[in-house]
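Predicted, not measured: the structure shown is a model, and the values here were computed from it. Chain letters run A, B, ... following the sequence lines, proteins first and then strands; every chain starts at 1. Only this structure's heavy atoms are used, side chains among them; waters, hydrogens and symmetry mates stay out.
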Amino acid sequence: MAEESSVQEYGEEALVKEIPPKAADLSKWYTAACWKAELFDYTPVRGSIALRPYGYALWENLQRQMDDRFKATGHVNAYFPLFIPESLLMREAAHVEGFAPEVAWVTHGGNEKLTERLAVRPTSEVIIGVMYARWVQSYRDLPVLINCWNNVVRWEKATRPFLRTMEFLWQEGHTAHASHEESTEEVARMLEVYREVAEDVCAMPVVTGEKSAGERFAGALHTFSIEALMPDGKALQAGTSHDLGQNFAKAYDIEFVDKDQQVKHAWTTSWGVSWRMLGGLIMTHGDDRGLRLPPALAPYQVVIVPIPKKGSGESVTAVARQVRDRLVKAGVRVRLDDRDEHKPGWKFSEWEMRGVPLRIEIGARDVEQNQVTAVRRDCEKGDAGAKTGLALARLESGVCELLDAVQHGLHEQARAYLGQHRFEAQTREEFFDLLRRQAGLVRIPWCDDAVCEAEIKAQTSATTRNQVPLEGEAGPVSCVACGNPAKTRAYFARSY
RNA sequence: CGGGGCGUAGCUCAGCUUGGCAGAGCGCGUGCUUUGGGAGCACGAAGUCGCAGGUUCGAAUCCUGUCGCCCCGACCA
């Protein structure tokens with residue numbers, strides 16, 4: 001058990017300047033918090049950010065968590081070209097139409113005008129479809145299970161760091177299968193991977209389900225998504241998994257000879273998560289002091305702040321270094337902040353702002369008592385358990401336990417928020433009222449009709465987020481919005 | 001793409017109405033003292049006033065255009 005801390009209680013409230021209170025203006029809070037934490041910086045390129053080392057480290061950790069899961073489900077990584085010839089892009093009509101307004105075009109090579117324009121990929125179904133057509137001849141070549149880590153470009157009119165940028169980093173998985181049954185399983189499998197990453201890694205609860213026809217990926221048969229709820233009551237689509245049917249196989253000639261010697265089109269899927277996921281977890285967890293990062297992703301899980309004092313400086317420094325070395329050996333991502341130019345108070349605020357899950361303070365009193373003082377970022381000052389005296393003898397196990405506690409603490413707080421802002425509307429009036437108030441995710445039995453969807457959007461600005469089949473109903477159910485027979489149970493909310 | 005706001009030192013901003021030497025705080029550099037919740041003193045460096053035209057003897061300031069950022073809509077896997 002952690003012994004009672006002997007250190008004094010917190011002093012005056014320390015506020016990070018230049019970050020407005022989160023509740024007052026989420027948008028301003030968000031951009032200021034990301035920027036002050038040095039996740040990104042603005043660039044001379046409109047709508048395009050530079051990902052700074054701290055932000056890139058965060059992305060790398062998310063990348064690793066996802067990549068491990070892709071590998072564990074049988075996928076391999078590959079890479080495909082950035083440029084897509086216009087004539088290839090045009091072959092899948094729905095896909096072209098969907099992406100046309102967002103495609104950036106290369107028209108010149110050096111000083112010479114190209115005979116055919118090149119699209120900068122907004123997504124890679126097209127070029128990958130062309131390549132799969134070359135690689136797949138027999139049922140023995142299937143399934144193809146490939147993932148790609150890359151950047152894509154979409155010409156956006158309004159951009160926000162991570163949530164919507166013109167160029168962004170993501171992964172796109174592309175698979176080809178011999179049967180629709182198999183590709184359907186793949187779509188569900190990867191949606192579940194995304195749900196798990198959001199919940200267990202990002203500590204960000206999500207709802208899963210299928211997109212309506214209007215919200216579907218351009219060219220897909222079915223699109224499924226994970227949707228998180230942000231503190232302003234707007235939903236954030238954090239990952240999608242698409243059943244592309246045979247649409248792309250037909251447009252790009254992905255054909256194979258099956259066991260029955262018949263030539264058939266393959267069934268393909270695609271699924272993607274971008275750095276938008278980072279934006280989601282930042283908005284979800286952050287507070288007035290800045291970021292709060294889940295330990296599973298934090299570039300530094302632990303920051304050690306030595307508190308030197310005249311006469312005891314050397315012993316404090318020596319212990320701080322020992323603690324760092326032991327934690328490194330234990331596999332903890334740790335940083336010893338031994339900068340001389342800042343006082344401890346400054347460092348406390350800075351690392352809180354940057355979201356480090358656990359701070360270890362080491363001062364003369366700690367050294368005397370063979371302990372360190374650990375402070376959790378997921379707790380408010382003065383909360384029970386926020387500050388712990390941790391005996392050096394059990395440093396590694398104690399730190400790991402506290403990191404687990406922070407991971408779960410953040411998840412629980414986010415889950416409680418979602419629980420309080422997820423509604424089941426019983427009447428049309430209640431449904432529209434909740435949406436107009438931007439109260440959160442509102443679920444109703446729904447007719448799944450585009451006309452009804454359009455009316456809801458016109459009146460409330462909310463759209464369907466995703467939906468699941470009706471089940472366990474005694475008899476026929478009516479759509480809460482329009483009264484026609486309900487076909488699904490759908491979440492509605494305004495969205496990012 | 002429409003409406004609104006903002007671009008002056010690394011950051012936050014004052015100066016603009018009424019044209020006349022480029023400013024403050026914080027940060028940054030050097031030195032000393034400090035260090036359990038954003039330390040103190042001293043000295044110092046730092047700016048094509050977003051960009052391009054125009055008016056003027058003279059423009060950060062007035063006019064026109066343009067680019068970018070932020071907010072709200074529209075649009076959008």
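Spacing between atom OH of Tyr42(A) and atom C1' of C6(B) amounts to 13 Å, rounded to whole angstrom units. G38(B) atom C1' lies 16 Å from atom CZ of Arg354(A), rounded to whole Å. Atom CH2 in Trp346(A) sits roughly 8 Å away from atom P in A39(B) (whole-Å rounding). The distance from atom CG of Asp337(A) to atom C1' of G38(B) is 13 Å, rounded to the nearest whole Å. Between the P atom of G27(B) and the CZ atom of Arg339(A) lies a distance of 14 Å, rounded to the nearest Å. When the P atom of C76(B) is taken as reference, atom CZ of Arg216(A) falls 15 Å away, rounded to whole Å. In this structure, Glu352(A) places its CD atom 12 Å from P of G37(B), rounding to the nearest Å. When rounded to the nearest whole Å, the span between NZ of Lys387(A) and C1' of G37(B) equals 8 Å.
Both distances falling under 3.5 Å, in either a Watson-Crick or a G-U wobble arrangement, place C1(B) opposite G73(B). Of the nucleotides present, C6(B) is the one that pairs with G68(B) by Watson-Crick or G-U wobble criteria, both distances under 3.5 Å. Of the nucleotides present, G54(B) is the one that pairs with C62(B) by Watson-Crick or G-U wobble criteria, both distances under 3.5 Å. In this structure G44(B) sits in a base pair with C28(B), meeting the Watson-Crick or G-U test at under 3.5 Å. Pair check for A39(B) finds U33(B); Watson-Crick or G-U wobble, both atom distances under 3.5 Å.
Comparing C32(B) with C70(B), their P atoms are spaced 43 Å from each other, to the whole Å. Nucleotides G19(B) and C63(B), compared at atom P, are 12 Å apart to the nearest Å. Here, C41(B) and A59(B) have their C1' atoms 41 Å apart, quoted to the whole Å. For the C1' atoms, the distance linking C43(B) with G38(B) amounts to 24 Å, nearest Å. Nucleotides C62(B) and U17(B) are separated by 11 Å at their C1' atoms, to the nearest Å. Nucleotides A60(B) and G2(B) have their P atoms positioned 31 Å apart, rounded to a whole Å. Across the C1' atoms, G23(B) and U61(B) are found 14 Å apart, a figure rounded to whole Å. With both ends at atom P, the span from C71(B) to G10(B) equals 24 Å, rounded to whole Å.
Within the nucleic acid shown, Phe168(A) comes within 4.0 Å of at least one base atom, counting heavy atoms only. No engagement by Trp271(A) is indicated, since no non-hydrogen atom pair under 4.0 Å with the nucleic acid exists. Looking at heavy-atom distances under 4.0 Å, Gly47(A) makes contact with sugar-phosphate atoms alone, never a base. Base engagement by Ala364(A) is indicated by at least one non-hydrogen atom pair under 4.0 Å involving a base atom. At the heavy-atom level, Phe348(A) lies under 4.0 Å from base atoms of the strands shown. Using a 4.0 Å heavy-atom cutoff across all strands shown, Gly272(A) reaches no nucleic acid atom at all.
Taking side-chain N and O atoms only, Tyr30(A) has no distance below 4.0 Å to OP1 or OP2 of C70(B). For the OP1/OP2 pair of G40(B) and a distance below 4.0 Å, the side-chain nitrogens and oxygens of Lys343(A) include no atom meeting the criterion. OP1 and OP2 of U35(B) both lie 4.0 Å or more from every side-chain N or O belonging to Lys309(A).
The closest donor-acceptor contact from the side chain of Glu125(A) to the backbone of Phe248(A) lies at 3.5 Å or more, if one exists at all. His95(A) contributes a side-chain N or O that, together with a main-chain N or O of Ala218(A), makes up a donor-acceptor pair within less than 3.5 Å. In this structure, the side chain of Thr223(A) engages the main chain of Phe217(A) through a donor-acceptor pair within 3.5 Å.
Ion pairing between Glu368(A) and Arg365(A) fails under the 4.0 Å rule for side-chain N and carboxylate O.
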Verdict with supporting geometry, Asp337(A) and Tyr300(A), side chain to side chain donor-acceptor pair (under 3.5 Å): CA-CA 11 Å; Asp337(A) 187 352; Tyr300(A) 302 120; over 6 Å; no
Residues His177(A), Trp267(A); criterion ring-ring contact (aromatic ring centres under 6.0 Å, His included); working and verdict: CA-CA 5 Å; His177(A) 307 261; Trp267(A) 298 82; over 10 Å; no
Chi angles and distances behind the ring-ring contact (aromatic ring centres under 6.0 Å, His included) call for Phe492(A), Trp446(A): CA-CA 10 Å; Phe492(A) 285 79; Trp446(A) 188 48; 5.3 Å; yes
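In this structure, of C76(B), G36(B), C28(B), it is G36(B) that holds the atom nearest to the side chain of Arg365(A). Of the candidates G38(B), G36(B), G68(B), the closest approach to any side-chain atom of Arg46(A) belongs to G68(B).
At a cut-off of 3.5 Å, with distance as the only test, no side-chain donor of Gln467(A) or Ser212(A) sits close to an acceptor on the other residue.
Taking only distance into account, the side chain of Glu350(A) never meets the base of G37(B) through a donor-acceptor pair shorter than 3.5 Å. Judged by distance alone with a 3.5 Å cut-off, a donor-acceptor contact links the side chain of Arg164(A) to the base of C76(B).
Comparing Pro161(A) and Pro122(A) by the nucleotide of RNA chain B whose heavy atom lies nearest to each, the residue mapping closer to the 5' end is Pro161(A). Of the two residues near RNA chain B, Ser495(A) and Asp340(A), the one whose nearest nucleotide lies more 5' is Asp340(A).
Taking each heavy atom of Asp378(A) and Gly409(A) in turn, the nearest pair found is OD2-CA, 3.5 Å. Here the shortest heavy-atom pairing between Ser274(A) and Phe168(A) reads CB-CD1, 3.7 Å.
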What are the atom names and distances for every N/O pair under 3.5 Å that joins the protein to nucleotides 71-74 of chain B?
| from | atom 1 | to | atom 2 | distance (Å) |
| --- | --- | --- | --- | --- |
| C71(B) | OP1 | Arg160(A) | NH2 | 3.3 |
| C72(B) | OP1 | Ser27(A) | OG | 3.4 |
| G73(B) | OP1 | Arg494(A) | NH1 | 3.0 |
| G73(B) | OP1 | Arg494(A) | NH2 | 2.5 |

